[in-house]
Amino acid sequence: RDKAKQARCTSNLKQLGYAFNLYFQDWNITPTTTDGPPSYGDYWVWKIYSYVSDDPTRQKGDVFICPSAPQYMGGVPFNGRMSYAANRSLLGEGLVGNSLSQFTAPSEASMVWDMQKDTGVVYAWWSPFLDYRHSEGGNILFMDGHVGWWNKEIPSDPNSAFWNGK
């Protein structure tokens, strides 16, 4: 049962990766995590929401909810349910995202991951908010679109490719 939930979470993150990729193709920039302070930090969700595929068997917002996450998670997008956080240092904040040409290590750059249940935020800035809810590991969507299972400590150096994609 846990492996099935982990697989569904991986599928959700892959779908978000496709949505990000479509957004990148249309705009050539990243969607921002906020629209400028103060904000709930969920702006990236609304930027890619229209790119999420319409699966007739699910509600569109379900892709933003990990099946292994607790009943209530932080954030406001979907009736208070949200279980993924975005990397603010990679996506940026404010009204304009980061240009894609600046990223030289997209396969190492974390973009979205399983959010810890008690953080209450849907973005992170050099903070280890990864929840190790899948067999003592967490799922991470990287900028190149692959999803990886991570069971190590999150890099603490804000200048690492994990955080800034360079």
> Do Leu90 and Phe162 come within less than 4.5 Å of each other through their side chains, counting heavy atoms only?
Replying inline: no
>> Can you tell me how the ring of Phe142 sits relative to the ring of Trp150, calling it parallel under 30°, perpendicular over 60° and tilted otherwise?
In response: tilted
> So do the side chains of Pro67 and Cys9 get within less than 4.5 Å of each other, counting heavy atoms only?
Replying inline: yes
>> Contact between Leu91 and Met111 at the side-chain level, heavy atoms closer than 4.5 Å - yes or no?
In response: yes
> Ile29 versus Gln102: any side-chain heavy-atom pair under 4.5 Å?
Replying inline: no
> So, for Ser89 and Asn98, which heavy atoms are closest and what is the spacing to 0.1 Å?
Replying inline: O-ND2, 4.1 Å
> Passes side-chain contact (heavy atoms from CB on, under 4.5 Å), Cys66 versus Tyr84? Steps please.
Replying inline: CA-CA 8 Å; Cys66 172; Tyr84 300 116; 3.4 Å; yes
>> Could you work out, with side chain to side chain contact (heavy atoms under 4.5 Å, CB included) as the rule, every residue matching Ala7, not counting sequence neighbours?
In response: none
> Is the Trp113-Trp163 ring centre distance short of 6.0 angstrom?
Replying inline: yes
Atom pairs and distances, donor-acceptor, side-chain atoms in residues 18-27, under 3.5 Å, two or more places apart:
{"from": "Asp26", "atom 1": "OD2", "to": "Tyr51", "atom 2": "OH", "distance (Å)": "2.7"}
{"from": "Trp27", "atom 1": "NE1", "to": "Tyr51", "atom 2": "OH", "distance (Å)": "3.3"}

> Mind checking whether Leu130 and Ile140 have side chains closer than 4.5 Å, heavy atoms only?
Replying inline: yes
> Checking side-chain contact (heavy atoms from CB on, under 4.5 Å) for the pair Thr104/Lys166: CA distance, chi angles, key distance, verdict?
Replying inline: CA-CA 5 Å; Thr104 56; Lys166 301 173 195 166; 4.0 Å; yes
> Considering the options Val63, Val45, Val147, which one meets the side chain to side chain contact (heavy atoms under 4.5 Å, CB included) requirement together with Leu16?
Replying inline: Val63
> Of all residues at least two apart in sequence or in a different chain, which pass the side chain to side chain donor-acceptor pair (under 3.5 Å) check with Thr30?
Replying inline: none
> Who are the ring pair (Phe, Tyr, Trp, His ring centres under 6.0 Å) partners of Phe103, not counting sequence neighbours?
Replying inline: none
> What residues, two or more places apart in sequence or in another chain, satisfy side chain to side chain donor-acceptor pair (under 3.5 Å) together with Asp114?
Replying inline: Arg133, His134
> Is the side chain of Ser160 donor-acceptor paired with the backbone N or O of Pro155 at a distance under 3.5 Å, no angle test?
Replying inline: no
> Quick one: CE on Met115 to CZ on Phe64, what's the gap to the nearest 0.5 Å?
Replying inline: 12.0 Å
> From Thr10 OG1 over to Asn139 CG, what is the distance, rounded to the nearest 0.5 angstrom?
Replying inline: 4.0 Å
> What residues form a side chain to side chain contact (heavy atoms under 4.5 Å, CB included) with Lys3, not counting sequence neighbours?
Replying inline: Gln6, Ser135
> Do Asn87 and Ser110 get their side chains close enough for a donor-acceptor pair, meaning under 3.5 Å?
Replying inline: yes
> In Å, rounded to the nearest 0.5 Å, how long is the span from CD of Glu108 to CG of Asn164?
Replying inline: 10.0 Å
>> Rounded at 0.5 Å granularity, tell me how far CD in Gln15 sits from CD1 in Ile48.
In response: 10.5 Å
